[in-house]
Amino acid sequence: MTSQPASPAEEISRLREEIRKHEHLYYVLDQPEVSDAEFDRLMKGLQSLEAEHPELITASSPSQRVGGVPREGVEKAAHSVAMMSLDNAFNEEEIREFDARARERLAEEQLDYVCELKLDGLSLAVRFSNGLLSLALTRGDGTTGEIVTENAKTIRSLPLEINDAALKSAGLAGADFEVRGEVVMPLNSFQRVNSERLKADQPAYVNPRNSAAGALRTLDAKITASRNLAYFAYALHADTVPRSTHWETLETLSSLGFKVNPNRTNVSGIDGVLAFAEESFAKRDSLPYEIDGVVIKVDSLTQQRELGFTAKSPRWAIAFKPQAEQQETILEGIDVQVGRTGAVTPRALLKPVFVGGVTVSRATLHNEDEIARLELAIGDTVLIQRSGDVIPKVIRVVHRPHDRLTFGMPANCPICDTPLVREEGEVIRRCVNVSCPARLKESLQHFASRRAMNIEGMGEQLVEQLVDTTLLSGLADVYALTQEQIAGLDRMGDKSAANVIAAIESSKKTPLARVIFALGIRYVGERTAQLLADGFRGIEAMRGATRDQLEEVEEVGPRISEAIQDFFAADRNIEMLAQLAAAGVVMEMKGPPPVKRDLRLKGQTFVLTGTLANLTRDEAAGRIQALGGKVSGSVSKKTNYVVAGEKAGSKLEKATELGVPILDEAALLSLTETES
Ligand code: IVH
């Protein structure tokens with residue numbers, strides 16, 4: 001028996017079947033059975049036969065995936081059913097709340113759920129009539145979408161035609177139906193597209209989603225075809241629904257030839273959902289495409305119908321997107337800031353990103369060595385971390401584009417242009433100009449702060465304006481300010497200006513120790529300032545002291561004595577001190593010096609707890625420290641006294657337990673009573 005040679009129509013049909021089978025194996029199941037070359041040979045065979053017999057070309061032939069003529073413009077069409085979005089849950093509690101709400105509405109003890117990945121692409125609705133792909137619509141505004149049929153047809157994991165047997169077993173024979181799913185750009189294609197764009201001097205895409213959107217909405221399907229998009233189906237809309245669960249729907253989609261994401265599960269109860277979420281996030285970085293969460297859906301279609309929708313989203317589904325404490329973003333620039341001591345520190349300017357619950361656009365970079373250690377350059381994609389109220393920081397570079405810009409610390413102060421100094425052994429460069437406006441702002445804020453001169457109302461915003469308008473060019477200028485000058489500034493009225501002037505006036509009576517602290521001498525903190533005030537009893541005496549004399553003061557070592565002398569060596573500072581004195585600021589302690597410092601509490605440790613009626617915590621600590629005592633934060637066997645006020649808590653309990661003597665406010669006052 002001799003077999004008849006196949007007719008062109010038969011041969012075309014055979015090739016199409018063969019090609020469809022291999023497309024499905026390769027693009028949907030990820031299980032190719034033939035080489036790329038073999039596949040190309042089949043496709044070329046089909047194309048040449050179709051070229052000879054154009055009357056046999058059909059729209060669903062695999063050869064028609066690579067579209068012909070570019071479209072002229074974008075046409076729109078209405079969605080069959082509105083394309084809604086999902087409500088979000090950001091933590092476990094919100095997921096449990098979602099479960100509780102659904103159970104309550106359905107009056108069920110426990111619900112069955114399907115968990116899927118939330119693919120980070122764009123949603124696409126695809127309609128089929130008589131088994132043929134007839135229309136593809138983007139989400140658009142949810143009611144009307146853009147027609148992108150030609151482009152969608154280039155996506156190899158999207159079937160153009162579904163065979164009768166599959167339709168029949170899905171209960172869809174002769175029915176029109178719509179599939180919904182997500183178009184994604186796999187990460188390897190994204191990287192390829194971006195490197196090609198950079199070579200062609202085109203701007204790189206920010207992320208695979210934008211890149212996929214660009215590819216799907218372009219007017220030229222040849223471009224879409226070159227972008228290697230994938231389509232994952234997650235919903236089926238048909239009038240005839242012989243299915244009772246969402247899980248069955250996914251299996252049906254798969255049997256119809258659609259790619260359904262394999263990372264899915266069905267579970268009973270919310271704990272299984274949380275376990276799936278945890279697993280999915282753990283493997284997030286090893287997936288070949290990006291996800292932005294997991295999606296949780298009530299499995300029963302009857303229950304879905306019963307739950308229904310809110311105005312925007314289904315009540316039977318939710319997207320779980322745990323808040324990342326770490327996020328990637330782009331380093332858009334680096335600026336430098338000048339602090340009170342003149343320290344110049346680099347700061348990362350980031351493309352704003354939501355991380356740890358807030359939008360972050362700045363992160364500290366500490367110093368130039370840190371930039372070198374991270375091998376950081378502008379344009380890099382960086383991983384940043386933020387937890388609690390910690391200042392965000394750059395952890396590492398994730399991607400270094402070709403056109404990155406390396407950053408060099410400026411040689412001069414960015415504010416006053418004075419050459420910066422990097423001392424030996426130091427990682428920080430400093431602006432040494434004491435009147436640098438940037439330093440001045442910081443110094444003034446410190447000067448006016450509560451623990452220093454305590455000038456209420458003179459905060460960051462006012463200081464900023466006072467320096468920018470040159471009303472202040474040094475600390476002492478504060479005492480020359482008038483109410484009119486202040487009232488003329490932004491957000492200041494007569495009343496608030498009067499309050500600031502009053503606060504400035506009363507700051508003149510600030511005790512010497514706090515005045516010394518307010519000067520902002522390097523390394524001179526509150527306690528050192530107190531010791532210096534006690535030791536020298538006046539600023540003039542401090543100025544005249546030798547380094548040895550300075551170091552006689554408790555806790556003053558060579559580093560501090562040097563800093564103090566440097567401070568007094570600057571003419572500008574001497575001038576400023578004279579102005580402060582002239583304005584009536586306390587520069588000396590009144591009365592004769594104590595014959596010998598009374599250190600009767602030396603070696604004794606105190607712990608303060610609760611609220612005292614008359615003394616603030618600082619005042620109580622000050623009284624103890626002035627007499628040589630130490631104040632500690634926690635109670636131990638070594639504690640000599642616990643001073644307990646109102647609402648004293650666990651520290652008091654612990655003291656009682658350990659048998660530590662407990663003082664009330666009156667006892668503390670009498671213990672620390674001095675003659676002066
Ligand atoms: S179900 C009513 N399942 O996430 C909407 N959506 O706001 C039902 N998405 O733009 C959507 N992966 O395109 C569903 N496995 C998944 C998904 C998914 C990604 C997208 C969807 C939509 C957005 C939800």
Side-chain angles (χ1 to χ4, degrees), residues 79-90 94-95 98 102 113-126 136-146 148 152 155 157-158 178-187 207-213 215-217 229-238 243 245-254 258-267 273 276-277 279-281 283-284 287-301 303-322:
H79 282 295
S80 55
V81 191
M83 266 186 128
M84 296 208 165
S85 54
L86 292 167
D87 197 6
N88 293 318
F90 295 109
E94 289 174 9
I95 285 293
F98 161 77
Y113 289 105
V114 173
C115 311
E116 297 166 32
L117 297 183
K118 186 166 188 301
L119 303 163
D120 196 9
L122 54 151
S123 38
L124 186 73
V126 189
L137 279 184
T138 63
R139 180 175 187 281
D141 62 6
T143 313
T144 312
E146 287 178 11
V148 290
I155 302 174
S157 45
L158 188 56
E178 182 171 314
V179 172
R180 288 185 177 179
E182 198 81 355
V183 175
V184 298
M185 178 173 284
L187 290 170
N207 55 41
R209 180 170 19 86
N210 288 358
S211 186
L216 193 65
R217 297 177 61 232
L229 300 175
Y231 184 76
F232 289 96
Y234 55 67
L236 173 62
H237 294 260
R243 285 156 288 276
T245 64
H246 177 61
W247 188 255
E248 278 175 63
T249 305
L250 295 179
E251 310 232 288
T252 302
L253 285 167
S254 181
F258 291 92
K259 189 165 177 133
V260 178
N261 199 288
N263 298 289
R264 61 180 191 267
T265 189
N266 51 352
V267 296
V273 166
F276 174 84
E279 250 172 61
S280 303
F281 293 120
K283 65 177 169 201
R284 187 175 191 162
L287 293 169
Y289 36 74
E290 288 201 332
I291 62 167
D292 64 338
V294 297
V295 182
I296 296 139
K297 300 172 183 170
V298 169
D299 194 19
S300 152
L301 299 184
Q303 288 179 340
Q304 285 192 3
R305 270 189 295 276
E306 225 172 295
L307 287 167
F309 297 82
T310 67
K312 280 192 291 189
S313 41
R315 285 199 195 87
W316 43 263
I318 198 156
F320 184 18
K321 302 178 179 176

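Both counts, for ligands and for their atoms, begin at 1 and track the order of listing. Just so it is clear, the structure is predicted and the values come from calculations on it, not from any experiment.
Side-chain contact between L187 and P208 is present, with heavy atoms from C-beta onward closer than 4.5 Å. Contact of the R284 side chain with the I291 side chain is registered, since non-hydrogen atoms from C-beta on lie closer than 4.5 Å. Proximity of E116 to E182: side-chain heavy atoms (C-beta onward) are nowhere separated by under 4.5 Å.
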From CA spacing to verdict: side-chain contact (heavy atoms from CB on, under 4.5 Å), M185, L229: CA-CA 5 Å; M185 178 173 284; L229 300 175; 3.8 Å; yes
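Two rings, from Y113 and F276, have their centers 6.0 Å or more apart.
Figure legend: cation-pi geometry between R305 and W316 absent, as NZ or CZ is not positioned both under 6.0 Å from the six-membered ring centre and within 45° of its axis.
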For each nitrogen or oxygen atom of ligand 1, which protein N/O atoms lie closer than 3.5 Å, and how far apart are they, rounded to 0.1 Å?
| unit_1 | atom_1 | unit_2 | atom_2 | d |
| --- | --- | --- | --- | --- |
| ligand 1 | 3 (N) | K297 | NZ | 3.0 |
| ligand 1 | 4 (O) | K118 | NZ | 3.2 |
| ligand 1 | 7 (O) | L86 | N | 2.8 |
| ligand 1 | 12 (N) | L119 | N | 3.1 |
| ligand 1 | 13 (O) | S123 | OG | 3.4 |
| ligand 1 | 13 (O) | E182 | OE1 | 2.3 |
| ligand 1 | 13 (O) | Y234 | OH | 2.9 |
| ligand 1 | 15 (N) | E116 | OE1 | 2.8 |
| ligand 1 | 15 (N) | L117 | O | 3.0 |

